[in-house]
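If you read the sequence from its start, that first residue is 1, and numbering goes on from there.
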Amino acid sequence: MLEKQYDIIIIGASFTGPLMALSLINKNPTLKICLVDKDKVKDKKVGESTSDITAIYLNRLGIDEALSDQVKKTGLRFLFKNNNEFSSPTQKSIANGYHLNRKSFDKKMIDKIKH
């Protein structure tokens with residue numbers, strides 16, 4: 001049996017596993033990372049979306065191709081001290097989140113890590 005050597009093993013290849021792997025690879029491209037997941041094929045998940053802060057992180061990771069077919073939320077949310085919230089459907093920002101098709105997003109993320 002051949003023994004494989006990895007620098008890091010990440011258990012869970014859904015949303016955060018590939019993001020962690022990409023973050024590590026961006027810092028050190030020579031890392032050998034293994035993603036382990038219980039599912040061979042990801043199901044299509046409906047109704048998932050990212051927060052505004054997560055969207056900023058995703059945009060800075062350089063994964064434009066993985067985000068290109070995702071639906072970008074529009075508008076900014078303003079939260080006030082007295083727990084009132086105002087949402088603007090027309091004000092676009094780099095902080096707008098995404099409505100994710102997790103099946104296609106997860107596949108593109110894993111494919112990006114393989115290369």
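For the atom pair Ile10 CD1 and Cys34 SG, the distance stands at 9.0 Å (nearest 0.5 Å). Distance CE/Met109 to CG/Leu67: 8.0 Å, rounded to 0.5 Å. Atom CD1 of Ile33 and atom CD1 of Ile9 lie 11.0 Å apart (nearest 0.5 Å).
Remark: Ser104 pairs with Asp69, Gln70, Asn101 by the side chain to side chain contact (heavy atoms under 4.5 Å, CB included) rule, at least two apart or across chains. With sequence neighbours left out, the side chain to side chain contact (heavy atoms under 4.5 Å, CB included) criterion links Leu61 to Leu19, Leu22, Ser23, Asn26, Tyr57, Ile63. Residues passing the side-chain hydrogen bond (donor to acceptor under 3.5 Å, both in side chains) test with Tyr6, sequence neighbours excluded: none. Qualifying side chain to side chain contact (heavy atoms under 4.5 Å, CB included) partners for Asp7, counting only residues two or more places apart in sequence or in other chains: Leu31, Lys32. Judged as a side-chain hydrogen bond (donor to acceptor under 3.5 Å, both in side chains), and not counting sequence neighbours, the contacts of Asn28 are Thr30.
Within the 4.5 Å cutoff, the side chain of Asp106 has heavy atoms near those of the Arg102 side chain.
Between Ala66 and Lys108, the closest heavy-atom pair is CA-CD, 3.7 Å. Heavy atoms only, all atoms of each residue included: Pro18 and Gly12 are closest at CD-O, 4.4 Å.
A single hydrophobic cluster is seen to contain both Met20 and Ile8, as judged by linkage of ILVMFWY side chains at heavy-atom distances under 4.5 Å, directly or through other members.
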